[in-house]
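One structure is given below, encoded as structure tokens.
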Protein chains: 2
Amino acid sequence: MSLKYAVLAALLEGEASGYELSKLFDISFANFWPATPQQLYRELERLAQDGLVEARFVQQERRPNKRMFTLTEAGRADLRAFAAEPPRRPTAIRDELLIKVQAMEDPETARALVDERRGWARGKLDRYERVRGRLLDGRTEEEYLRDAERIGPYLTLLAGISFEEENLRWCDRVLAVLGRRVAAG
Amino acid sequence: MSLKYAVLAALLEGEASGYELSKLFDISFANFWPATPQQLYRELERLAQDGLVEARFVQQERRPNKRMFTLTEAGRADLRAFAAEPPRRPTAIRDELLIKVQAMEDPETARALVDERRGWARGKLDRYERVRGRLLDGRTEEEYLRDAERIGPYLTLLAGISFEEENLRWCDRVLAVLGRRVAAG
DNA sequence: ATGCACATGTAATACGTTACATGATTTG
DNA sequence: CAAATCATGTAACGTATTACATGTGCAT
């Protein structure tokens with residue numbers, strides 16, 4: 001149900017093809033609403049039938065043909081109504097690593113997995129910071145937040161950043177604890 | 001696929017009925033692997049057929065009958081193997097509020113939603129701290145981590161706590177930003 | 001005696017994943 | 001010039017969520 005509004009929100013940035021949306025979902029929407037290309041194509045189909053987006057067929061010569069999608073006024077209105085309602089469902093997290101940590105028997109094995117997670121979190125943070133730099137484009141955060149038309153995308157990026165920072169801190173703490181255990185046991 | 005191991009991990013705490021598991025998933029596993037009662041019953045059925053858990057039928061007089069489930073040695077071994085493998089899928093987060101923030105038009109409306117989230121995060125943190133107190137049971141964290149048989153549940157609880165702390169910080173930051181915007185606009 | 005929470009499920013539907021298909025462009 | 005990656009999708013299958021169903025016990 002929410003995927004619908006995630007797609008409409010993505011189209012606030014302007015006309016896009018299914019493929020472009022799937023890239024956008026990979027790099028930025030993934031932090032709060034992951035979706036595979038297949039989900040997006042199906043959803044776009046439905047949205048077009050409901051008149052919330054408009055599809056424009058684009059014939060291409062040296063590439064597969066594509067369809068470009070735009071928000072309609074009805075879509076914009078629907079999204080606006082959604083954005084004003086309190087969320088129906090609480091935040092859901094799916095994290096395989098934490099199942100493994102929960103079931104942990106051997107500290108050495110767990111250490112390796114958490115260490116791997118730490119490296120991956122660092123990489124994600126780096127990428128976020130680069131996205132942030134591109135958004136700010138030379139301005140300070142204060143300037144940006146004062147002047148920018150839409151600040152939503154920046155605020156969700158901040159959420160992604162602070163999530164990964166937290167993640168990193170948790171990894172460090174767990175590694176410290178497990179290190180002591182290995183030394184003791 | 002991972003739900004299977006979440007259920008096995010839950011049964012590490014001892015024999016439990018489907019209903020008891022669904023309560024456990026509500027209060028603690030929910031932080032990293034949410035599951036509805038229906039999912040759990042189906043999964044337990046499968047696990048029993050595969051010999052990874054053992055079901056014991058318990059006839060009750062003044063309540064509906066129930067089945068109690070225990071890990072078998074095969075289940076324990078399967079879980080152990082799972083816990084040693086690196087995770088296949090990255091962490092997934094589903095957060096409706098962030099879609100609304102992403103699509104935000106009016107700072108006043110968004111403020112109300114984020115403020116609500118802030119209150120809810122505080123409540124969750126409080127409950128976590130109480131669970132933590134029960135686990136520690138008078139000991140300091142250091143004592144607990146040195147002496148406890150299984151520290152996995154404590155480490156996943158810490159993950160839940162630091163996630164909510166991060167959440168709270170993000171809410172405060174967003175509220176500050178939106179407050180300035182309302183004053184300016 | 002009415003309503004809420006416990007305890008257990010089934011059925012219908014929605015959603016997500018995996019595998020496949022096709023052609024263009026880039027890289028070694 | 002072969003292999004990898006980009007760009008765009010479709011089809012089949014498996015998993016999850018929602019709505020419904022049923023009966024008990026407890027509190028007011």
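A note on names: the letters A, B, ... follow the listed sequences, proteins ahead of strands, and every chain is numbered from 1. Atoms considered below: every heavy atom in the structure, side chains included; atoms not considered: hydrogens, waters and symmetry mates.
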Can you run down the side-chain hydrogen bond (donor to acceptor under 3.5 Å, both in side chains) pairs that involve residues 104-114 of chain B, sequence neighbours left out, and say none if there aren't any? A:R80-B:E105, B:D106-B:T109
Residue set satisfying side-chain contact (heavy atoms from CB on, under 4.5 Å) with A:A74, at least two apart, ordered chain then number -> A:L52, A:T72
Rounded distance in Å - CG (B:L21) to P (C:dG9): 12 Å
Each nucleotide of nucleotides 1-7 of chain D classed B (base within 4.0 Å of a protein heavy atom), S (only sugar-phosphate) or -, in 5' to 3' order, makes -----SB
Give A:R67 one of three labels, base, sugar-phosphate or nothing, depending on what nucleic acid heavy atoms sit under 4.0 Å from its own. sugar-phosphate
With a 4.0 Å heavy-atom cut-off, tell me which residues in residues 89-100 of chain B come close to DNA chain C, sorted by residue number. B:R89, B:R94
For A:A35 and B:E45, take the nucleotide of DNA chain C holding the closest heavy atom to each; which residue's nucleotide lies nearer the 5' end? B:E45
Contacts satisfying ring pair (Phe, Tyr, Trp, His ring centres under 6.0 Å) that involve residues 9-31 of chain B (not counting sequence neighbours) are B:F25-B:F29, B:F29-B:F32
Whole-Å distance separating the CD atom of B:E43 from the C1' atom of D:dT17: 15 Å
Please report, rounded to the nearest Å, how far the C1' atom of C:dT22 is from the CG atom of A:N65. 12 Å
Would you name the heavy atoms of B:E96 and A:R89 that are closest together and state the gap between them? OE2-N, 3.9 Å
Interatomic distance where NZ belongs to A:K4 and C1' belongs to C:dA14 [whole Å]: 14 Å
Please determine whether a side-chain nitrogen or oxygen atom of B:Q38 lies at a distance below 4.0 Å from atom OP1 or OP2 of D:dA16. no
Taking side chain as C-beta onward, heavy atoms only, is B:M104 less than 4.5 Å from B:L113? no
Here the pair of heavy atoms bringing A:W170 nearest to A:V101 is CH2-CG2, 4.2 Å
Measure the acute angle between the ring planes of A:F82 and A:Y5, then classify it against the limits of 30° and 60° as parallel, tilted or perpendicular. parallel
Under the salt bridge (Lys or Arg N to Asp or Glu O under 4.0 Å) definition, can you give me all pairs with a residue in residues 32-46 of chain B, not counting sequence neighbours? B:E43-B:R46, B:E45-B:R67
